Amino acid sequence: MASVLSQTSHTFDEYLILPGLTKREHRSDTISLDTQLAREKNGRHINLKIPFASAVMQAVTGVKMAQTLGQEGGIGFIYQSQQIDDQARMVKEVKTRWVLVGAGINTRDYRERVWKLFDAGVDALCIDASDGYSEWQADAIQYIQDLWTDVPVVAGNIVDARAFRFLVDAGADAVKVGIWWGQICTTRLQKAIGRGQASALLDVAEARDAYFQQSGIYIPLASDGGATEDYHNTLALAMGADWLMHGRLFAACDESPAQKLKVDGQDMKEYWGEWSARARAQGNTLRYDGALFEEGVDSLIPATGPVGPVLQRIMAKIRATMVSSGVSNFREFHEHAVLTLISQASFQEGGTSKVRVRN
Ligand code: IMP
């Protein structure tokens, strides 16, 4: 008989963080947002100055986005739904600024793709799959590990401890969490697969910490997708994420490859899923072969201007919460954050529906 988890699947909005003791040394200018992208790989540590990565998506990460995020101290992962030579050319172009750059790969043509990406100077690879708990993915990880490269492999996406252990045993250097629904993603509607991002992160983070205790090896976790409010970033970091991957947030910015359009007087950007009909039509890759249905849609989202101010705003909020939590860095945040589930009534009470907002 199928098993049913006793724990309900929870989303970010169902949690709050309790304040911790703020000491005098906890100030927004002393908080470190430095983070580890992946575990140390053949002597190389890749650290990010800010915990942000742009998604492996046509509408999100081209050359301009990757260069901008790299300059801000994060990393962009160039989309892989294009011909290998075109992707390698983009990676090379980003490297002319001498910033970090990542690239997506798939489980079909990686034997050819990774070599060209290495030649182009890629710093990190990310296996781009909606469900990473698969032997195909383990094969791809194993192939890359056998090359003795110092380029780390981010594996995923997963939502539970079983899958974490499977990918880490296969050799993953970092793991991406999130089989989400909403925004451009229709995976749940098509396949009934997924898990609330909060439950997924908490479960995988517990497995990561247990693995660290047992092996002394710390595997960084990324929270991928589904963040619709700024505070979702903070919650993900409190729940154990080391960095955050975003699609919509960056697609809405000037630096994304998506076109800007005026709709009813408002500036909008196009944003389409990597498993949408549009991505398939534009994409030039084996990854879509044989797919009979889509798991994503094509949409319009409000344009938000350049990446810099958007990140500054979110980071100011992350720092403020970390000050309130009495922590100085993400490792302390993971260890000391105290979260509470809230009731539906308490969630409704948290809005401004009882007043008429004037500004
Ligand atoms: P967002 O930040 O909520 O917009 O989510 C971005 C993430 O959604 C990406 O990093 C992918 O993991 C995932 N994704 C991208 N395209 C699709 C799709 O077409 N269907 C389902 N998930 C997708």
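Quick note: residue numbers are just sequence positions, from 1. None of the values given here were measured: they were computed from a predicted structure. In listed order, ligands and their atoms are each counted from 1.
- Which parts of ligand 1 touch Glu295 is read off a 4.0 Å heavy-atom cut-off, strictly below it: atoms 18 (C), 19 (O), 20 (N), 21 (C).
- By the criterion of a heavy-atom distance under 4.0 Å, neither the backbone nor the side chain of Thr228 is placed next to ligand 1.
- Annotation: atom 19 (O) of ligand 1 to nearest protein heavy atom, Trp275 N, 2.7 Å.
- In this structure, CH2 on Trp243 lies 9.5 Å from OG1 on Thr35, to the nearest 0.5 angstrom.
- A side-chain donor from one of Asp173 and Gln145 sits under 3.5 Å from a side-chain acceptor of the other.
- Every atom of ligand 1 with a heavy atom of Thr187 under 4.0 Å away is listed here by number and element: 21 (C).
- Looking at Trp180 next to ligand 1, no N or O pair under 3.5 Å apart turns up.
- Checking only distances, Thr186 never comes within under 3.5 Å of ligand 1, N or O to N or O.
- Asn106 and Gln80 are linked by a side-chain donor-acceptor pair at a separation below 3.5 angstrom, with hydrogens and angles left out of the test.
- Atom numbering of ligand 1 starts at 1 in the shown order; those under 4.0 Å from a heavy atom of Met245 are 10 (O).
- Under 4.0 Å from ligand 1, heavy atoms of Arg248 appear from its side chain as well as its backbone.
- Within ligand 1, counting atoms from 1 as listed, the ones closer than 4.0 Å to a heavy atom of Met57 are 9 (C), 15 (C), 16 (N).
- An N or O contact shorter than 3.5 Å links Gly247 to ligand 1 by distance.
- Between Ala258 and Trp272, the closest heavy-atom pair is CB-CZ3, 4.1 Å.
- Between the CE atom in Met239 and the OG atom in Ser223 there is a gap of 9.0 Å [rounded to 0.5 Å].
- For the residue pair Thr11 / Glu14, a side-chain donor-acceptor distance below 3.5 Å is found, with atom types taken as modelled.
- Judged as a salt bridge (Lys or Arg N to Asp or Glu O under 4.0 Å), and not counting sequence neighbours, Lys64 has no contacts.
- Ligand 1 lies nowhere less than 4.0 angstrom from a heavy atom belonging to Ser130.
- Salt-bridge check for Asp119 with Lys116: failed, with every basic side-chain N at 4.0 Å or more from each acidic carboxylate O.
- Using modelled atom types and a 3.5 Å distance limit, the side chains of Gln87 and Arg113 yield a donor-acceptor pair.
- With ligand atoms numbered from 1 in the order given, ligand 1 contributes 1 (P), 4 (O), 5 (O), 6 (C) to contacts under 4.0 Å with heavy atoms of Tyr271.
- Atoms of ligand 1 lying under 4.0 Å from at least one heavy atom of His246, given by number and element, are 2 (O).
- If you look at Glu294 next to ligand 1, there are no close heavy atoms at all, none under 4.0 Å.
- For ligand 1, one of its N or O atoms has an N or O atom of Gly226 under 3.5 Å away.
- For the residue pair Gln137/Thr107, the side-chain donor-acceptor check at 3.5 Å is not satisfied.
- Of the listed residues (Asn157, Leu249, Asp128, Ile184), the one carrying the non-hydrogen atom nearest atom 8 (O) of ligand 1 is Ile184.
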